[in-house]
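Notes to accompany the following structure.
Atom set for the values below is all heavy atoms of this structure, side chains included, hydrogens, waters and symmetry mates excluded. Note that the structure is a prediction, hence the values are computed from the model and not measured.
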Amino acid sequence: MRIRTAAGVAVLVATLAACTNNPPAPGPDSAEPVEVTRYGTEMSNGHLVFSAKYTIHNTSRSPITYKIAFKFDGDGNAGFDPKWVTRTVGSQKTYSGSVSVPWEGDAASTGVKVVQVEQIPL
């Protein structure tokens with residue numbers, strides 16, 4: 001009986017440790033200005049692409065130019081550098097856009113991340 005209890009405690013501790021190492025995904029009230037709202041592979045002009053829709057929230061009192069690096073993950077994107085996008089968003093405004101990269105083969109996409117955001121006040 002003690003072995004099961006100790007094993008159960010070890011599993012619980014390992015699970016809690018794993019959960020605390022992963023930050024929660026940004027939500028609508030997040031301080032992060034860029035949010036990926038949807039992603040996946042699709043056909044565009046006869047070619048398979050991995051696309052992502054995103055939203056930029058400018059909560060400041062002045063316009064800001066955002067330089068954003070998106071990293072597309074999955075076997076169909078091996079070796080690609082992040083895709084950079086530059087957008088200017090007015091004061092207290094929200095911008096929605098999309099970004100895409102070529103996708104090779106029929107490999108599934110595993111996600112897209114915002115890996116860097118540079119903000120340049122105007």
Separation between CD1 (I64) and OG1 (T59), nearest 0.5 Å, reads 7.0 Å
Pair S91, S62: side-chain N/O donor-acceptor within cut-off below 3.5 Å: no
What distance separates Q116 CD from W84 CH2, expressed to the nearest 0.5 Å? 3.5 Å
dist Y39:OH -> K53:NZ (nearest 0.5 Å) comes out at 15.0 Å
Excluding sequence neighbours, so at least two apart, what forms salt bridge (Lys or Arg N to Asp or Glu O under 4.0 Å) with K67? none
Rounded to the nearest 0.5 Å, what separation is found between the CZ atom of F50 and the OG1 atom of T41? 7.5 Å
T55: which residues meet the side-chain contact (heavy atoms from CB on, under 4.5 Å) condition with it, sequence neighbours left out? T37, H57, T94, S96
So CG of D81 and NZ of K71: to nearest 0.5 Å the spacing works out to 7.0 Å
Please tell me whether V36 and V117 are part of a single hydrophobic cluster in this structure, the criterion being side-chain heavy atoms less than 4.5 Å apart. yes
How many angstroms lie between OG1 in T86 and CD1 in I68, if you round to the nearest 0.5 Å? 8.0 Å
Kindly indicate, with the supporting measurements, whether the criterion side chain to side chain donor-acceptor pair (under 3.5 Å) is fulfilled by S98 and S51. CA-CA 7 Å; S98 63; S51 65; over 6 Å; no
All heavy atoms of S100 vs all of F72, minimum pair found to be CA-CZ, 4.4 Å
Please tell me whether R87 and Y95 have a donor and an acceptor in their side chains that are separated by less than 3.5 angstrom. yes
Is the ring centre of Y54 less than 6.0 Å from the ring centre of F70? yes
Out of curiosity, does V112 fall in the hydrophobic cluster containing Y66 (side-chain heavy atoms, cut-off under 4.5 Å, transitive links)? yes
Following the transitive rule for hydrophobic clusters with a side-chain heavy-atom cut-off under 4.5 Å over Ile, Leu, Val, Met, Phe, Trp and Tyr, establish whether I56 and L122 coincide in one cluster. no
Single-linkage hydrophobic cluster V49~V99, side-chain heavy atoms < 4.5 angstrom: no
Mark yes or no for whether Q92, through its side chain, and S60, through its backbone, hold a donor-acceptor pair below 3.5 Å. yes
